[in-house]
Amino acid sequence: MGFMDKVRGQFIDIVEFLDDSRDTLVWRFPRQGNEIKNGAQLVVREGQTAVFVNEGQIADVFTPGTFELTTQNLPILSTLKGWKYGFNSPFKAEVYFVGTRQYTDMKWGTQNPFTVRDAEFGMVRLRAFGTYSLRVTDASVLLRQLVGTDPDFRTDEVSEFLRQTIVSQVTSALATANVPMLDLAANQQAISQQLVGSLSESLVEFGITLPRFVIENISMPPEVEEALDKRSQMGILGNLDQYTKFQAANALEDAANNPGAAGQGTGMIVGMGLGQAAAGAMASSQQAAPAGPPPLPGAAAQWYVAVNGAQAGPFALSALPAQVAAEKLSRETLVWTESMSAWKPAGEVPELASLFGATPPPLPPQA
């Protein structure tokens with residue numbers, strides 16, 4: 001190697017960063033003691049910003065483009081260096097390339113459950129997780145506040161800090177949203193949109209923003225989910241007779257799919273057994289609960305009212321007007337008292353007719 005080759009090796013002609021990763025936020029150009037040549041080419045690609053740092057002080061900032069490094073486009077650095085007679089010699093400065101594109105698929109989640117107050121279920125502990133996008137809005141601020149002199153600053157170095165900030169605001173937003181727990185899924189998008197603005201505002205001081213924020217799931221403790229599943233099953237089953245018939249039909253179909261005669265016989269036996277079990281279940285369910293003692297002589301009749309599929313009462317006759325006022329008792333509501341053989345609509349019970357007011361008969365035919 002000749003002398004001129006060694007001299008040329010001490011100078012940097014092209015300053016650029018070819019990012020082959022998907023998570024590099026800041027990368028420092030490896031000068032390693034070499035000097036940047038006067039007139040060197042600076043290449044800043046889309047999604048990047050180049051920041052020149054002189055002796056720990058941020059100088060010039062370059063947006064995407066190709067630049068020839070001269071005093072004309074390095075005004076701050078030229079002032080710091082004190083080049084009174086022009087930029088005629090190589091110089092040493094640190095060059096940081098900062099990614100300004102969106103960094104997607106960043107994950108967040110609550111490590112521990114948080115407690116919210118729900119009108120229907122009381123105090124409930126929830127967990128939540130989702131994704132967000134990160135973008136640098138001010139490279140100089142990011143270098144000052146978070147990066148420092150790190151030569152290869154990646155998203156995983158800031159992800160825990162962002163997760164803590166996000167979880168803090170998510171728990172506060174969910175706790176103060178006044179949304180019933182069963183309606184949280186329907187309101188996840190609205191809550192996410194609200195958090196995008198508040199999170200970005202809180203991260204301005206670090207030179208970053210979150211252009212996209214998503215709550216993917218809000219989950220409840222296993223015991224609460226199990227209770228909800230049981231409630232849903234009860235609502236789906238509805239009529240016990242229809243459910244047992246459905247089970248018997250499924251058993252017969254499974255047996256019919258068995259080509260062997262034994263399988264068919266087994267299917268018939270299973271179907272008969274299910275039918276008998278259903279009949280027994282229906283019979284047992286229809287058996288009246290052990291009757292209590294008869295009412296005392298002269299005691300006022302006690303009335304039971306069917307409210308939302310459940311038995312309410314007993315009520316004295318004098319207490320039924322309040323049920324009518326509360327819209328829990330109407331002409332169509334089923335009622336029962338000791339003297340009745342079965343439940344009937346309240347409008348068909350003579351004793352309760354006065355509760356609803358008189359209804360005029362239909363008009364006679366007009367001539």
Side-chain angles (χ1 to χ4, degrees), residues 22-26 47 49 98-148 150 153-232 235:
R22 299 297 300 168
D23 61 348
T24 302
L25 275 172
V26 180
T49 294
V98 181
T100 57
R101 65 176 179 84
Q102 283 198 40
Y103 294 82
T104 58
D105 294 330
M106 303 281 288
K107 308 292 185 182
W108 69 270
T110 55
Q111 292 183 345
N112 299 307
F114 57 95
T115 304
V116 299
R117 188 183 301 276
D118 185 78
E120 183 174 359
F121 296 95
M123 289 187 296
V124 181
R125 303 175 72 194
L126 302 178
R127 292 180 183 269
F129 66 85
T131 60
Y132 64 94
S133 296
L134 168 66
R135 186 166 62 85
V136 177
T137 56
D138 193 322
S140 300
V141 173
L142 178 67
L143 288 174
R144 293 191 188 99
Q145 297 292 339
L146 294 179
V147 179
D150 192 336
F153 189 78
R154 297 178 178 269
T155 55
D156 58 358
E157 297 182 60
V158 75
S159 60
E160 177 60 21
F161 164 71
L162 293 177
R163 187 197 68 80
Q164 294 174 359
T165 303
I166 289 171
V167 169
S168 174
Q169 295 211 24
V170 167
T171 55
S172 177
L174 293 177
T176 60
N178 294 323
V179 176
M181 189 175 64
L182 297 181
D183 296 333
L184 282 177
N187 290 272
Q188 281 181 192
Q189 185 174 1
I191 298 174
S192 297
Q193 291 298 320
Q194 174 188 348
L195 286 170
V196 165
S198 60
L199 285 169
S200 296
E201 183 178 351
S202 65
L203 294 172
V204 167
E205 61 177 311
F206 303 102
I208 56 180
T209 185
L210 304 186
R212 183 173 179 270
F213 180 80
V214 177
I215 299 176
E216 292 186 12
N217 182 263
I218 301 174
S219 60
M220 294 164 284
E223 59 272 14
V224 178
E225 292 182 349
E226 183 179 353
L228 289 176
D229 290 341
K230 290 182 178 179
R231 177 185 292 188
S232 300

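Residue indices begin at 1 and follow the sequence shown. What you are looking at is a predicted structure, and each value in this text was computed from that prediction instead of being measured.
Here the CD atom belonging to Gln102 is positioned 9.0 Å from the CG atom belonging to Leu134, to the nearest 0.5 angstrom. To the nearest 0.5 Å, the span separating NZ on Lys107 from CG on Asp105 amounts to 5.5 Å. To the nearest 0.5 Å, the span separating CD1 on Ile166 from OG1 on Thr131 amounts to 9.5 Å. Within the model, atoms CH2 of Trp108 and CD of Glu216 stand 8.5 Å from one another, a figure rounded to the nearest 0.5 Å. The distance from the CG atom of Asp183 to the CG atom of Asn178 is 12.5 Å, given to the nearest 0.5 Å.
Looking at Leu203 and Leu162, their side chains come closer than 4.5 Å, going by heavy atoms from C-beta outward. No side-chain heavy atom of Val147 sits less than 4.5 Å from a side-chain heavy atom of Val98. For the pair Thr49 and Val136, the minimum side-chain heavy-atom distance is 4.5 Å or more. In this structure the side chain of Leu174 reaches within 4.5 angstrom of the side chain of Ile218, judged on heavy atoms. In this structure, Phe153 and Val158 have side chains that are in contact, with non-hydrogen atoms separated by less than 4.5 Å. Thr115 places none of its side-chain heavy atoms less than 4.5 Å from the side chain of Val124.
A donor-acceptor contact shorter than 3.5 Å links the side chain of Tyr103 to the backbone of Thr24. No donor-acceptor pair closer than 3.5 Å links the side chain of Arg117 to the backbone N or O of Ala175. A donor-acceptor pair is defined here as one N or O able to donate and one able to accept, closer than 3.5 Å; no such pair exists between the side chain of Ser172 and the backbone of Gln169. Under the 3.5 Å distance criterion, the side-chain polar atoms of Thr104 are left unmatched by any main-chain donor or acceptor of Ser133. Using a distance-only test at 3.5 Å, with no hydrogens or angles considered, a donor-acceptor pair links the side chain of Ser192 to the main chain of Ile215. Using modelled atom types, one side-chain atom of Ser202 and one backbone atom of Leu199 make a donor-acceptor pair closer than 3.5 Å. Here the side chain of Arg127 pairs no donor or acceptor atom with the backbone of Met220 at under 3.5 angstrom. Judged purely by atom type and a 3.5 angstrom limit, Ser168 has no side-chain atom pairing as donor or acceptor with the backbone of Gln164.
The environment of Glu201 atom CD is sparse: at most 12 non-hydrogen atoms of other residues, nucleotides or ligands sit within 6.0 angstrom. In this structure, Arg125 places its CZ atom where only 12 or fewer heavy-atom neighbours from other residues, nucleotides or ligands lie under 6.0 Å away.
Aromatic ring pairs are classed by plane angle as parallel below 30°, tilted from 30° to 60° and perpendicular above 60°; the pair Phe161 and Phe206 is perpendicular.
A salt bridge is absent between Arg154 and Glu157; no separation between the charged side-chain nitrogens and carboxylate oxygens falls under 4.0 Å.
Across all non-hydrogen atoms, the minimal contact from Arg163 to Gly109 is NH1-O, 3.0 Å. For Phe213 against Val196, the heavy-atom pair with the smallest separation is CB-CG2, 3.5 Å.
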### Task
Go through Asp138 and Leu142 one step at a time and tell me if the side-chain contact (heavy atoms from CB on, under 4.5 Å) criterion holds.
CA-CA 6 Å; Asp138 193 322; Leu142 178 67; over 6 Å; no
### Query
Run the side-chain contact (heavy atoms from CB on, under 4.5 Å) check on Arg101 and Arg22 step by step: do they pass?
CA-CA 10 Å; Arg101 65 176 179 84; Arg22 299 297 300 168; 3.5 Å; yes
### Worked check of side-chain contact (heavy atoms from CB on, under 4.5 Å) between Leu25 and Leu146
CA-CA 11 Å; Leu25 275 172; Leu146 294 179; over 6 Å; no
#### Entry: Pair Val170-Thr110, side-chain contact (heavy atoms from CB on, under 4.5 Å): steps then yes or no
CA-CA 9 Å; Val170 167; Thr110 55; 5.5 Å; no
